[in-house]
Number of protein chains: 2
Amino acid sequence: MKQTGDLNLVKKINKSIVLHYIRNYSPISRARIAEQTGLTKATVSSLVNELLESSLANEIGTGESSGGRKPMMLLFNRTAGYALGIDLGVNYIRAVITDLEGTIVEEYKVQHDNTVLELALVELKACIREMMQRVPESVYGIVGIGIGIPGISNGQGDILFAPNLGWTHVPLQQIIEEEFGIAVVIDNEANAGAVGEKEFGAGRDAADLVYISVGIGIGAGIIIKGELFRGSSGFSGEIGHMSIQHDGKPCRCGNAGCWEMYASENALYEAARNILNTQKIDMELLLTLAEKGEPAVIKLFERVGHFLGVGVVNIINGFNPELIIIGGRLAEAGRLLRPTMLQSLEGRSLPYPRERLQIEFSQLGSRSAVLGACSFAISKFFASTKVSVE
Amino acid sequence: MKQTGDLNLVKKINKSIVLHYIRNYSPISRARIAEQTGLTKATVSSLVNELLESSLANEIGTGESSGGRKPMMLLFNRTAGYALGIDLGVNYIRAVITDLEGTIVEEYKVQHDNTVLELALVELKACIREMMQRVPESVYGIVGIGIGIPGISNGQGDILFAPNLGWTHVPLQQIIEEEFGIAVVIDNEANAGAVGEKEFGAGRDAADLVYISVGIGIGAGIIIKGELFRGSSGFSGEIGHMSIQHDGKPCRCGNAGCWEMYASENALYEAARNILNTQKIDMELLLTLAEKGEPAVIKLFERVGHFLGVGVVNIINGFNPELIIIGGRLAEAGRLLRPTMLQSLEGRSLPYPRERLQIEFSQLGSRSAVLGACSFAISKFFASTKVSVE
DNA sequence: TAATGTTTGTAAATCCATTAAACAAACTTA
DNA sequence: TAAGTTTGTTTAATGGATTTACAAACATTA
């Protein structure tokens with residue numbers, strides 16, 4: 001209870017409401033905003049003028065009359081600034097620049113082994129420097145940098161633990177902010193993916209959704225009432241280590257029969273090794289074999305699809321989300337996984353929560369995390385005040 | 001975005017802040033409230049006076065001086081009104097009256113077979129009438145009625161589906177409101193239990209907690225950031241039907257190897273039937289046998305404890321709550337279940353999320369749901385506006 | 001073409017909760 | 001007794017939103 005109510009707060013609330021309408025329903029007139037929000041025309045006028053002054057909105061000329069004076073239409077100025085999003089993978093760094101609506105204007109990807117912290121930081125900084133040179137001219141320049149990481153972060157921008165990189169306790173936000181003097185946001189790769197899909201992908205209309213990133217392992221990003229749920233200590237979404245076979249094979253995490261031992265890239269490759277004699281097994285190989293109609297390989301995918309469904313049912317029954325989005329590397333095989341996944345889903349889930357559930361594969365593909373990182377930066381830029389009133 | 005900012009809102013926010021301080025830190029002086037909240041003394045004075053006028057706070061005389069004028073101490077007037085909470089079980093109706101702080105002042109329980117809707121409604125109304133006669137005199141009288149039900153409700157106060165009662169689509173809120181003219185809140189029994197423990201029990205200091213009600217089946221109430229999470233269509237918490245054995249025994253829900261087939265009252269009884277020759281197996285019998293040191297019966301409890309742990313690990317890994325509270329009938333056997341539950345928990349959970357997790361058995365016992373129901377009523381009374389600002 | 005009514009956006013006056021500053025009362029300490 | 005502190009109220013100022021009024025721009029209709 002630090003924040004109290006005063007006139008300043010009132011203005012921030014209303015200004016963010018007006019901006020919200022301009023961002024989401026533009027082109028829109030002052031009169032229409034007043035009508036929709038319940039604010040008076042005078043208030044809207046005053047706030048819109050401030051937004052015009054700060055270049056966040058533009059007037060783009062008159063619109064259609066509906067029997068009276070023509071309205072002056074307002075447009076969100078999506079190029080008032082740009083966001084830099086980075087997906088820091090285990091063996092690559094991917095970066096994009098988007099405008100304030102999340103449209104990609106620059107993209108960059110480099111293969112790099114990031115397991116040595118010092119080298120990774122050098123590469124990361126070089127990448128950021130490169131992107132900063134590519135940013136178009138604008139009023140605000142880069143409004144923030146968002147970074148998705150394959151690990152757990154606390155709320156203060158420190159990486160606590162990144163198992164696949166071997167990093168612990170890296171104050172990444174601080175390091176990058178000090179280097180570039182720009183606001184930085186750090187979060188988990190699955191969380192970033194969830195936000196990316198929520199803002200720019202398959203989840204735009206859902207308030208409660210779970211994004212499941214199926215790669216080497218399984219991670220999840222959980223969005224509740226439109227907001228990311230990070231868990232009490234940032235560890236929500238380790239759902240790959242949910243056991244679906246209590247006496248199953250032991251996992252390195254301590255548990256037995258973990259979901260990701262049945263339904264992940266690793267699970268797929270391990271099963272493939274028992275069938276194929278090839279040395280190098282990877283996604284491309286398996287996909288091409290499946291395309292060719294190799295029945296044993298198709299069976300592999302079907303089996304993984306089945307187990308995907310088993311875990312998804314558990315999420316549905318515990319969480320009752322509106323939407324489940326499946327992303328990550330394995331989502332590339334969506335077409336092969338879908339039938340058996342839906343089959344085990346139909347057979348196993350409770351009818352009521354199933355009824356309203358939508359389940360989709362990622363729309364943004366490998367870009368969901370990096371776009372989510374951009375969204376973090378944009379949100380921080382706008383969310384000087386985020387207010388919810390019930 | 002219906003609610004906009006105006007002076008009215010500012011006042012509501014600040015008034016609820018002041019009331020919050022009086023409710024939680026009384027006895028407290030105006031000066032201390034001003035200091036803690038950041039509001040000016042003048043504002044606090046004005047708002048406090050309104051609260052005094054509406055009988056929600058009282059002055060109880062001067063306190064200790066700290067080197068100046070003695071402060072006038074304020075107390076929350078917990079007896080300004082009363083809440084009626086009802087736990088509508090499958091074969092009982094339990095009701096309590098509490099003051100505005102949740103202290104029980106009247107209690108009532110009746111055995112009744114509620115599976116026939118009409119009969120249950122008659123009994124429920126009779127119960128409410130009975131309790132209304134027992135309410136102490138007060139300014140506001142009964143401020144609301146909260147009802148916990150063994151089923152799913154939508155947000156509008158209708159019971160959608162109550163499998164163990166055989167009810168579907170009962171507009172219970174409307175029925176009771178029309179009969180008594182008092183605000184009514186309906187929610188699931190596990191949700192009510194979660195709120196009860198959060199407000200008055202083991203969860204008072206936790207923001208993110210999961211209450212697991214282990215009875216005939218397993219249900220859960222999920223509290224995120226201090227607020228109940230109901231899922232997108234009210235079905236969150238059907239976590240008893242999370243599979244912990246993907247190829248396990250089929251459950252009537254369609255899934256296989258559901259958690260509640262391994263770790264519930266039913267699971268316990270079924271296992272007991274294979275051991276004991278007695279006709280009537282119930283909790284009391286098993287508990288007394290275990291007390292007597294019957295090794296086979298003790299093993300039964302230990303086994304259930306183990307499987308409780310298996311499911312709890314899944315919740316921890318997916319949700320990362322601060323606190324897990326185990327309630328319901330089976331919590332009565334907490335002493336017997338705890339060792340094996342903790343054992344499977346220690347062995348199976350990821351170290352990081354486990355680190356900060358607390359796990360407890362219910363403090364309120366069989367009263368958690370009925371007290372949560374009271375809390376619903378009290379919250380509705382106060383939550384004319386609930387505001388959160390970030 | 002003129003009259004009428006509608007819609008849009010701005011301007012001026014008013015409202016009202018908070019803040020800031022001043023103050024009186026009550027109390028402790030030296 | 002004098003000086004300093006703390007509490008809580010009073011008073012005026014502040015700055016948002018609202019209300020009311022109004023001018024400009026436009027469509028419709030006669």
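Protein chains get the first letters and strands the later ones, always in sequence-line order, with residue 1 at the start of each.
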More than 12 heavy atoms of other residues, nucleotides or ligands under 6.0 Å from CD of A/Q358: yes or no? no
Taking atom [atom2] of [N] as reference, at what distance in whole Å does atom [atom1] of [X] sit?
X	N	atom1	atom2	answer
A/D6	C/dT18	CG	P	9 Å
B/I28	D/dG8	CD1	P	11 Å
A/L39	D/dT19	CG	C1'	14 Å
A/R30	D/dA17	CZ	P	15 Å
B/L7	D/dT18	CG	P	9 Å
B/I33	D/dT7	CD1	P	12 Å
A/L52	C/dG9	CG	C1'	13 Å
A/E35	C/dT8	CD	P	7 Å

Does a side-chain N or O from [X] land closer than 4.0 Å to OP1 or OP2 of [N], or not?
X	N	value
B/N8	C/dC16	no
A/N14	D/dA17	yes
B/T40	C/dT18	no

In plain terms, say whether B/E50 and B/K11 are close enough for a salt bridge, that is, a side-chain N and a carboxylate O under 4.0 Å apart.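 B/K11 and B/E50: salt-bridged.
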Starting the side chain at C-beta, find the nucleotide from D/dA17, C/dT8, D/dG8 nearest to A/R32.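 Between D/dA17, C/dT8, D/dG8, the one nearest the side chain of A/R32 would be C/dT8.
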Can you find a donor-acceptor pair, distance only, under 3.5 Å between A/K41 side chain and C/dG9 base? yes
Give a yes or no on whether the ring-centroid distance for A/Y82 and A/Y140 is below 6.0 angstrom. no
Check side chain to side chain donor-acceptor pair (under 3.5 Å) between [X] and all other residues, then give those that pass, not counting sequence neighbours.
X	value
A/N191	A/D187
A/N8	none
A/S375	none
B/N14	none

Does A/G5 or A/S46 map to a spot on DNA chain C nearer the 5' end, using the closest nucleotide for each?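 Nearest nucleotide further toward 5': that of A/S46.
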Please check: side-chain N/O of B/N58 versus main-chain N/O of B/L75, any donor-acceptor pairing under 3.5 Å?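 A pair under 3.5 Å: no.
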Between the protein and nucleotides 11-13 of chain C, are there any N/O to N/O pairs under 3.5 Å, and if so, what are the atom names and distances?
none

Cut-off 3.5 Å, side chains only: do B/T43 and B/S46 have a donor facing an acceptor?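 There is no such pair (donor and acceptor under 3.5 Å, judged by atom type) between the side chains of B/T43 and B/S46.
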Tell me, which of residues 56-75 of chain A have any heavy atom that sits under 4.0 Å from an atom in DNA chain D?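 Contacting residues: A/S65, A/G67, A/G68, A/R69, A/K70.
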